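Model, not experiment: these values are computed from the prediction. Residue numbering restarts at 1 for every chain, and letters A, B, ... go by the order of the sequence lines.
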Amino acid sequence: MHLNSFKKYEHLTSKKTFEQLFLKGKSIAVPPFRILWMHVPSAIQSTKYTPVHLGIAVPKKSFSKAVVRNKLKRRIREAYRKNKHEVYEVLKKRNLSVDVLIIYTAKQELPYDQIEQKMIVSLHKLIAVIQ
RNA sequence: AUACCGGGACACUCUAUCGCUCCGAUGCAAAUCGGAGAGGAAAGUCCGGACAACAGAGAGCAUCCUGUCCUGAUUUAGUUCAGGAUAUUCGCAGGCAAACUGCGAAGCAAGAGAGUGCCACAGAAACCAAACCGCCUGGCGAAUACCGCACAGGCAAGGGUGAAAUCGAGGGGUAAGAGCCCACGCUUUGUAUAAGUAAUUGUACAUUGAUGGUAAACCUCAGGAGUUGCAAUGCCAAAUAAUGGAAGGCUGCUCGUCUCUCUUCAAUGAGAAAGCCAUUGGUAGGCAGCAUAGAUAAAUGAUAGAGGCUAUCAGGAAACUGGUAGAACAGAAUCCGGCUUAUAGGCCCGGUAUGUUA
RNA sequence: CGGGAUGUAGCGCAGUCCGGUAGCGCACUCCCUUGGGGUGGGAGAGGUCGCAAGUUCAAAUCUUGUCAUCCCGA
């Protein structure tokens with residue numbers, strides 16, 4: 001498995017899990033993000049084990065144009081893809097898997113390098129909370 | 001030449017690394033290899049069509065939409081679009097003036113000779129007749145031109161009001177006046193004739209002086225549209241004792257989901273619009289629909305380099321060289337056609353203004 | 001993707017159906033009342049009715065286009 005890939009089976013795809021995250025998920029605030037996460041029963045023996053399922057959300061109220069929303073989602077996905085390996089190592093050691101939802105809460109459109117910096121910070125925070 | 005406005009086609013290019021979606025091949029799998037991968041508007045959802053459901057076929061009411069003529073275009077459908085022509089409207093000039101003439105621009109939502117409604121304020125009067133200030137004749141008052149009148153009649157030229165007051169202006173005519181009459185111009189309707197595929201236009205004769213405006217008021221005429229929409233619809237899984245996709249009771253009904261007729265099915269049947277009462281639990285995933293882009297929290301990206309373009313700074317006489325910054329509007333979700341709106345930059349076409357030269 | 005509604009004074013709303021004067025409440029300004037303020041009384045200002053084009057003598061109102069905001073439907 002390549003370390004920097006971000007395939008479809010690593011996405012959050014079910015509408016139900018989104019609702020559960022909003023109801024029961026624990027939240028961390030790292031501006032410009034807000035991160036909701038929760039533990040999921042692990043299945044380390046099965047071949048389709050994935051430590052993290054990730055969803056990305058950009059609210060329509062802050063950015064009414066679809067182009068801007070797509071651009072931000074792509075930037076966040078790119079930043080996550082490059083920096084996810086630390087989280088994966090920690091979770092693999094402890095046999096855990098989590099569902100995570102990243103919500104973009106800022107009202108301005110940020111450039112890529114800022115988003116990447118904040119992504120590193122927030123992933124470190126997430127690791128600390130899980131441990 | 002410069003600036004601005006409008007329209008049109010184009011919508012930075014290439015390479016490397018790391019990644020994404022779908023399809024195909026190999027493979028137990030992980031994965032590897034190959035191929036395809038966003039616009040002119042994908043947008044707004046303003047129209048139309050395909051496609052699907054409502055059992056099938058036909059007719060009609062209500063409701064809604066469209067409205068000159070010809071030619072052409074398309075998924076061959078439209079009342080859509082494009083081009084041309086014409087009625088008409090607007091502006092400028094001419095003219096004493098006009099419902100006039102010439103030039104230029106715009107260019108269609110039919111009909112105001114079926115009926116109903118409305119036309120504020122002002123004005124005497126707003127559509128069917130009428131007379132405020134007036135003009136004229138007669139009568140009366142001492143009163144045969146001049147002043148007056150709760151008098152009798154004639155007139156609609158002039159004033160004034162208004163968006164609009166029954167053709168314009170000239171001459172004749174008259175007590176005063178009036179298309180009352182005449183010439184000129186315009187105009188209504190009809191006939192004939194010429195041009196044109198046609199709408200329509202010209203000419204001649206007769207006739208009229210409009211039948212005030214408003215149909216983006218009701219309406220009339222001609223024509224068109226059955227309704228709902230891919231969240232349509234069909235199937236599977238899951239759920240449950242089991243059924244259904246919400247179930248139940250009452251009222252009131254229907255036999256299409258507006259009405260009528262016929263056909264088919266059905267009376268121990270089928271349907272589900274309206275009102276009231278009361279209960280609110282489970283599943284809300286997948287496949288088809290669906291595409292030589294194509295998903296279902298929804299792919300088409302990030303970084304680096306090179307070249308071209310624009311702006312600006314520095315150097316230079318110039319060609320140019322170097323640095324910095326920038327590159328619009330905007331992202332497919334069933335598909336197709338039209339319309340509308342957004343759009344950096346240079347290019348092409350047209351118009352307006354200013355300047356220079358000839 | 002498909003339906004629907006609303007834009008009028010600083011704020012909340014009438015008026016739009018059926019075209020001629022743009023109004024109500026709170027807020028604002030000035031004056032009176034009070035020793036001063038509040039309350040109360042009186043007077044006044046503030047709008048080209050989201051924007052554009054059209055119909056009409058005349059448009060907030062009718063027609064068309066457009067821009068915002070909001071609400072529904074699995």
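Both A:Leu101 and A:Lys82 sit near RNA chain B, but only A:Leu101 has its closest nucleotide nearer the 5' end.
Stem analysis of RNA chain C (Watson-Crick or G-U pairs, both distances under 3.5 Å, runs of at least three) returns C:1-7 with C:67-73, C:10-13 with C:23-26, C:28-32 with C:40-44, C:50-54 with C:62-66.
Evaluation of the ring pair (Phe, Tyr, Trp, His ring centres under 6.0 Å) rule for A:Phe33 yields no partner, not counting sequence neighbours. Partners of A:Arg69 under the side chain to side chain contact (heavy atoms under 4.5 Å, CB included) rule, at least two apart in sequence or in another chain, are A:Val58, A:Lys60, A:Phe63, A:Ala66. Judged as a side chain to side chain contact (heavy atoms under 4.5 Å, CB included), and not counting sequence neighbours, the contacts of A:Arg74 are A:Asn70, A:Arg77. Every residue two or more places apart in sequence or in another chain was checked for a side chain to side chain contact (heavy atoms under 4.5 Å, CB included) with A:Gln117, and none qualifies. Listed by chain and number, the residues in a salt bridge (charged side-chain N to carboxylate O under 4.0 Å, His left out) with A:Lys118 amount to none (sequence neighbours excluded). Residues passing the side chain to side chain contact (heavy atoms under 4.5 Å, CB included) test with A:Lys125, sequence neighbours excluded: A:Ile28, A:Val30.
In this structure B:G58 sits in a base pair with B:C260, meeting the Watson-Crick or G-U test at under 3.5 Å.
For the pair A:Arg69 and B:A298, the criterion of a side-chain N or O lying under 4.0 Å from OP1 or OP2 is not met.
At whole-Å resolution of the value, CG in A:Leu54 and P in B:A297 are 14 Å apart. The CZ-P distance, from A:Arg77 to B:C18, rounds to 19 Å in whole Å. Distance A:Glu78 CD to B:U300 C1': 13 Å, rounded to the nearest Å. For the pair A:Glu116 CD and B:G19 C1', the computed distance is 14 Å after rounding to whole Å.
Between A:Arg75 and A:Glu78, none of the side-chain N atoms (NZ, or NE/NH1/NH2) sits under 4.0 Å from a carboxylate O, so this pair counts as no salt bridge.
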All N/O pairs under 3.5 Å across the protein-nucleotides 329-331 of chain B interface:
residue: B:A330; atom: OP1; partner: A:Lys65; partner atom: NZ; Å: 2.4
residue: B:A330; atom: OP2; partner: A:Lys65; partner atom: NZ; Å: 3.2
residue: B:G331; atom: OP2; partner: A:Val67; partner atom: N; Å: 3.3

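Between A:Asp99 and A:Leu101, every side-chain heavy-atom pair lies at or beyond the 4.5 Å cut-off.
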